Amino acid sequence: MAAPPLTGTVSGNLAVLHPNDVHFEVTDSQGLFQGGNFYLDTSVTPATYRASFFQENFTTPGHFTGSLRLRLCLDRACTQPFSGAPIVVPYDVTVQAGLALSRSAITVSAPFGTVPAPEAVDVMTSIASTGWTANRTTPDVFSYRPPRVDVVDPGLHHRTGNQLQLRFLPERPGEYIETFKVSAYTSYPGNSPVNPGREFVETITVRYLVTPNPAVDIVFFPASLDITQKQETLNRYYPHYFTTNTNVSAKFDGIEYLTSAGNAGPYDSWFDESALQSLHTCHGPPTACLVPGLYTARLRYRLTTASGARLVYFPINLTVTK
């Protein structure tokens, strides 16, 4: 990888030299840099030089200090060095990690019926970073529910902040292992489609332990739907989920409309659980809308346990605006 060049001015009997007649030899006390090309420009006053270097690929972050010893010669093998002391150039190099995470293993334990709070992971990238991504890599099992553990804003493909949030959904008692891949990308001077930069990858393993809790039969997530929506014919979707305890089952049994701000529009049919959990504040033609105000309803589920069956309810609160 190319390192920043060394430039400066030179003086002396330069008229007898052709630029290609000057070579240089580099000795590095730490072995981090190697010599590249030396170019002498005598067409300007004062004459200038430009020495290029190549640096080793740093594989370990750290702080490195040392010095370069430059010797100018008339031949590439440097058997004919110029008189005078070599040029000594000190260097101070800090190598940043392309990607580092504050946590690579997370264990979360919660009794059934409790939704764990999100877990945060600090993400550190280098100054050359162009952003990072985070994706769940646990093999998917088909389900209408989203993953039990996932990144917050999973559709965000390019992140520039310094923290990753992992959110949890209720789950039946058991132990669940989830994995995530975090990738950071760097850009270097002279990047091209053939050499676009480098990807740095770290992984996070989450152990999600749900302990038994026989006092709870079903968990809704979120605990209720609290919605504000304007008058419009467009259907909007409000997904919600439930999880039952071991040896408990639940089945949707209907919807009950409780209170209404008026009797216009779909005042007794504004939520449709079967149509992808959608809500509409207007219907037609002719178009008729809910009047602004508060509307309440609840979804009814028939819960079956070892001791029998009973009804449980999921509340929905809708505020309609113009």
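Owing to the predicted nature of the structure, the values given are computational and were not obtained by experimental measurement.
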When you measure from the side chain of Ser126 to the backbone N and O of Ala97, does any donor-acceptor pair fall under 3.5 Å? no

Judged by atom type as modelled, is there a donor-acceptor pair below 3.5 Å linking the side chain of His23 to the main-chain atoms of Pro81? no

Check Glu273 with Lys251, please: is the shortest side-chain N to carboxylate O separation under 4.0 Å? no

Residues 305-316 side chain polar contacts: donor-acceptor under 3.5 Å, at least two apart:
| from | atom 1 | to | atom 2 | distance (Å) |
| --- | --- | --- | --- | --- |
| Thr305 | OG1 | Ser307 | N | 3.3 |
| Thr305 | OG1 | Ser307 | OG | 3.0 |
| Thr305 | OG1 | Gly308 | O | 3.2 |
| Arg310 | NH1 | Asp217 | OD2 | 3.0 |
| Arg310 | NH2 | Asp217 | OD2 | 3.0 |

Can you give each donor-acceptor pair under 3.5 Å made by side-chain atoms of residues 201-208, sequence neighbours left out, with the distance rounded to 0.1 Å?
| from | atom 1 | to | atom 2 | distance (Å) |
| --- | --- | --- | --- | --- |
| Arg207 | NE | Glu175 | OE2 | 2.4 |
| Arg207 | NH2 | Glu175 | OE2 | 3.4 |
| Tyr208 | OH | Leu169 | O | 2.9 |

Let me see the working for Thr138 and Glu178 under side-chain hydrogen bond (donor to acceptor under 3.5 Å, both in side chains), right down to the final yes or no. CA-CA 6 Å; Thr138 309; Glu178 303 281 347; 2.8 Å; yes

Check this for me, if you would: do Arg300 and Asp253 make a salt bridge, where the nitrogen-to-carboxylate-oxygen distance has to be below 4.0 angstrom? yes

Connected to Met124, directly or through other members, by ILVMFWY side-chain contacts below 4.5 Å are none

Aromatic ring proximity Tyr257/Tyr267, centre distance under 6.0 Å: no

Answer with yes or no after comparing the ring centroid distance for Tyr91 and Phe33 against a 6.0 Å cut-off, counting only values under it. yes

Of Thr246, Asn245, Thr244, the one forming a side-chain hydrogen bond (donor to acceptor under 3.5 Å, both in side chains) with Arg172 is Thr244

Does the ring center of Phe252 lie less than 6.0 Å from the ring center of Tyr301? yes

